[in-house]
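Just so it is clear, the model here is predicted, and its values are computed rather than measured. Within every chain, numbering begins at 1; the chains are lettered A, B, ... in the order of the sequence lines, protein sequences first and strands thereafter.
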Amino acid sequence: MQLYNSMTGRKERFQPADPNRVTMYVCGPTVYSYAHIGNARPAVVFDVLFRLLRQTYPQVVYARNLTDIDDKIIQAAAAQSVPTEVITERFAAAYNADMAAMNVLPPTLEPRATQHVPQMLAMIERLLASGAAYEAEGHVLFHVPSFPGYGALSKRSREEMIDGARVEVAPYKRDPADFVLWKPSTPEQPGWDSRFGRGRPGWHLECSVMIESHLGETIDIHAGGIDLKFPHHENEIAQSACAHGGRALARFWLHNGFLDIEDEKMSKSLGNVLLPHDLLQEVPGEAIRFALLAAHYRKPLNWTRAGLDRARHALDRLYLTLRRLPGEAMPAASPPAGILAALADDLNTPKAQAALFDLAREANSTDDPARQAVLKGELLAAGNLLGLLQIEPEQWLRQGSGGEPAIDSAAIERLLVERQAARAARDFELADRIRDQLAAEGVIIEDGPAASRWRLAG
RNA sequence: GGCCGGGUAGCAAAGUGGCAAUGCAGAGGACUGCAAAUCCUCCACCGGCGGUUCGAUUCCGCCCCCGGCCUCCA
């Protein structure tokens with residue numbers, strides 16, 4: 001398997017440090033509101049990586065954290081006059097529900113920042129002891145110049161970082177690049193007692209600590225959105241290296257590209273922030289997933305309504321193929337080689353999707369039952385690797401474009417029987433009238449030799 | 001300004017130093033009472049200009065355009 005390693009800037013052959021225990025960590029959401037579609041991209045993309053790794057290695061430990069202590073959470077809680085836990089519980093549950101709707105498997109572990117405060121304080125002590133951190137005005141700060149490798153991931157020199165700085169530097173910092181490990185909390189703010197006073201952790205620390213606690217000092221893969229490369233991941237690298245005698249935090253760094261909305265950047269000020277939570281009201285999560293996987297994960301993805309519709313129709317074609325194949329699938333021993341090869345090449349999901357259509361065409365072209373059974377099994381196995389095609393075709397084809405169908409399936413079936421009788425009597429005027437009537441309700445008819453099938457228009 | 005990524009058919013999106021995948025849309029055909037579905041055929045000279053090469057969309061340089069990031073709070 002080849003993966004593009006952001007640290008080295010090229011594709012490298014992926015070889016886990018321990019093939020019997022592959023470790024991977026993805027930066028998860030800060031749970032202060034619903035996840036937006038940009039948050040869904042890494043979850044979906046690295047879910048495919050998780051599935052692929054499980055296919056290859058006996059044990060994959062995949063941790064995706066929940067940031068449940070953060071100033072945005074504190075603000076949201078204050079605005080609604082509720083404890084922060086109310087906010088974080090609500091949106092952690094919403095996040096997991098949204099991800100599940102997009103066929104994102106639960107990670108092996110979902111550690112939370114607030115469950116690791118003692119470990120964070122312990123790491124702070126180690127960093128203080130080694131001289132990589134210092135106290136100032138109730139804060140504990142990481143001293144960036146103490147880590148010579150700083151900037152290696154984002155390919156930035158210190159000069160560039162300082163030149164680019166567009167915010168005022170807090171007066172208590174020894175170096176402009178220094179960042180907070182611990183900061184004081186006011187009495188109203190959530191906080192934990194420590195020898196530095198009552199406070200709370202800085203954002204970057206949690207990932208380093210939770211990786212150390214659950215996965216080890218050096219993990220195989222660390223992934224997240226490209227916006228996290230600097231400073232978040234750079235800071236994680238520095239902390240962990242200084243706490244671990246210079247040993248690297250991760251062997252492979254993967255970053256997914258950003259997402260635009262209808263050719264514009266997604267931002268609150270533009271008011272175009274799309275939430276899967278809302279999209280799921282009108283389209284199946286599987287369609288959102290397909291659309292997110294339609295572009296290579298490192299490339300920018302322009303999210304559009306048209307693209308989402310295309311994803312639905314593409315899935316229609318695949319599910320129609322599955323439905324028309326008679327008989328049971330022959331379970332595939334492993335996913336088809338074409339799909340595996342595409343994904344093994346730095347998660348080339350568009351190529352994998354193309355391979356899905358190649359299978360579908362072949363399946364639609366043959367009438368050999370044995371071959372059909374094999375291809376059906378391969379389609380299902382390939383779909384499973386991508387997190388697609390796992391529901392009954394009838395279920396997919398009859399879920400319509402959101403909301404309840406205008407007529408119930410019993411009524412549809414009755415009309416189909418009536419129409420079949422009309423066709424048998426060569427009363428095509430009546431048959432066409434029934435078809436038009438159903439079409440007006442969004443029901444598409446497919447006539448067969450003996451009976452007709454129906455599905456809802458997408 | 002610095003760093004990073006991208007510009008491939010109407011749309012979306014892979015890919016390769018020498019026939020440019022795939023899906024949707026479109027054209028024609030087969031099938032069908034007519035459709036739908038399905039199958040077959042057709043539809044791109046790969047942002048611009050130079051360079052390297054027998055040969056570049058693919059490598060190198062410059063330019064143009066688009067996007068992201070450029071730290072603690074927002």
| field | Check: A:F91 ring centroid to A:Y32 ring centroid under 6.0 Å | value |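 No, ring centres 6.0 Å or more apart.
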| Pair A:H204 + A:H233: ring centers closer than 6.0 Å |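 No; A:H233 has its ring centre 6.0 Å or more from that of A:H204.
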| task | Can you label the angle between the A:F147 ring and the A:Y150 ring as parallel, tilted or perpendicular, going by 30° and 60°? | result |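 It falls in the perpendicular class, over 60°.
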Using the [atom1] atom on both, measure [N] against [M] and round to a whole Å.
| N | M | atom1 | result |
| --- | --- | --- | --- |
| B:A13 | B:A25 | C1' | 15 Å |
| B:U41 | B:A56 | P | 31 Å |
| B:G18 | B:C65 | C1' | 30 Å |
| B:G67 | B:A30 | P | 48 Å |
| B:A21 | B:A9 | C1' | 13 Å |
| B:C19 | B:C4 | C1' | 35 Å |
| B:G47 | B:U57 | P | 10 Å |
| B:C31 | B:C40 | P | 16 Å |

In whole angstrom, give the distance that lies between atom [atom1] of [X] and atom [atom2] of [N].
| X | N | atom1 | atom2 | value |
| --- | --- | --- | --- | --- |
| A:M266 | B:G67 | CE | P | 15 Å |
| A:Q353 | B:A12 | CD | P | 16 Å |
| A:I226 | B:C69 | CD1 | C1' | 8 Å |
| A:W303 | B:G67 | CH2 | P | 20 Å |
| A:R419 | B:C34 | CZ | P | 13 Å |
| A:L438 | B:A37 | CG | P | 16 Å |
| A:L347 | B:A14 | CG | C1' | 14 Å |
| A:F230 | B:G68 | CZ | C1' | 14 Å |

Starting the side chain at C-beta, find the nucleotide from [options] nearest to [X].
| X | options | value |
| --- | --- | --- |
| A:Y172 | B:C72, B:A74, B:G6 | B:C72 |
| A:P176 | B:C72, B:G15, B:U71 | B:U71 |
| A:R435 | B:A35, B:A13, B:A36 | B:A35 |
| A:P300 | B:G6, B:G15, B:A74 | B:G6 |
| A:K299 | B:G7, B:G5, B:A13 | B:G7 |
| A:E446 | B:C69, B:A37, B:A74 | B:A37 |
| A:K173 | B:C72, B:C39, B:A14 | B:C72 |

Would you state whether a donor and an acceptor, one from the side chain of [X] and one from the base of [N], lie under 3.5 Å apart?
| X | N | result |
| --- | --- | --- |
| A:R310 | B:A12 | no |
| A:D432 | B:G33 | yes |
| A:D447 | B:C34 | yes |

Are [X] and [Y] within salt-bridge range, i.e. N to O under 4.0 Å?
| X | Y | value |
| --- | --- | --- |
| A:R312 | A:E282 | no |
| A:D70 | A:R200 | no |
| A:R361 | A:D358 | yes |

For [N] and [X] - does any side-chain N or O of the residue sit under 4.0 Å from the phosphate oxygens OP1/OP2?
| X | N | value |
| --- | --- | --- |
| A:R361 | B:G23 | yes |
| A:R317 | B:U38 | yes |
| A:K155 | B:G2 | no |
| A:K229 | B:G68 | no |
| A:N235 | B:U71 | no |
| A:N364 | B:C39 | yes |

| In a check of side-chain contact (heavy atoms from CB on, under 4.5 Å) between A:Y297 and each of A:I226, A:T349, A:D346, which one passes? |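 Running side-chain contact (heavy atoms from CB on, under 4.5 Å) over A:I226, A:T349, A:D346 with A:Y297 returns exactly one hit, A:D346.
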| Reference residue A:T30; test side-chain contact (heavy atoms from CB on, under 4.5 Å); the match among A:T67, A:I69, A:D71, A:D68 |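 In the set A:T67, A:I69, A:D71, A:D68, the residue that makes a side-chain contact (heavy atoms from CB on, under 4.5 Å) with A:T30 is A:T67.
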Considering Watson-Crick and G-U wobble pairs with both distances under 3.5 Å, what does [N] pair with?
| N | answer |
| --- | --- |
| B:A9 | none |
| B:G18 | B:C54 |
| B:C69 | B:G2 |
| B:U38 | B:A30 |
| B:C46 | none |

Touch class at under 4.0 angstrom, heavy-atom based, for [X] against every strand present:
| X | result |
| --- | --- |
| A:H296 | sugar-phosphate |
| A:I445 | base |
| A:A295 | sugar-phosphate |
| A:D358 | sugar-phosphate |

| A:F428 aromatic ring stacked with six-membered ring of B:G33, 5.5 Å and 30° |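 By the stated criterion, A:F428 and B:G33 stack.
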| said: Which is more 5' along RNA chain B, the nucleotide nearest A:R423 or the one nearest A:K351? Just name the residue. | reply: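 It is A:K351, whose closest nucleotide lies nearer the 5' terminus.
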| query | Taking for each residue the nucleotide of RNA chain B with the nearest heavy atom, is it A:A294 or A:K183 whose nucleotide lies nearer the 5' end? | reply |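 Per heavy-atom nearest nucleotide, the more 5' residue is A:A294.
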| task | Just do the ring-ring contact (aromatic ring centres under 6.0 Å, His included) check on A:H139 and A:Y172 with the steps written out, would you? | result | CA-CA 9 Å; A:H139 295 69; A:Y172 48 80; 4.4 Å; yes
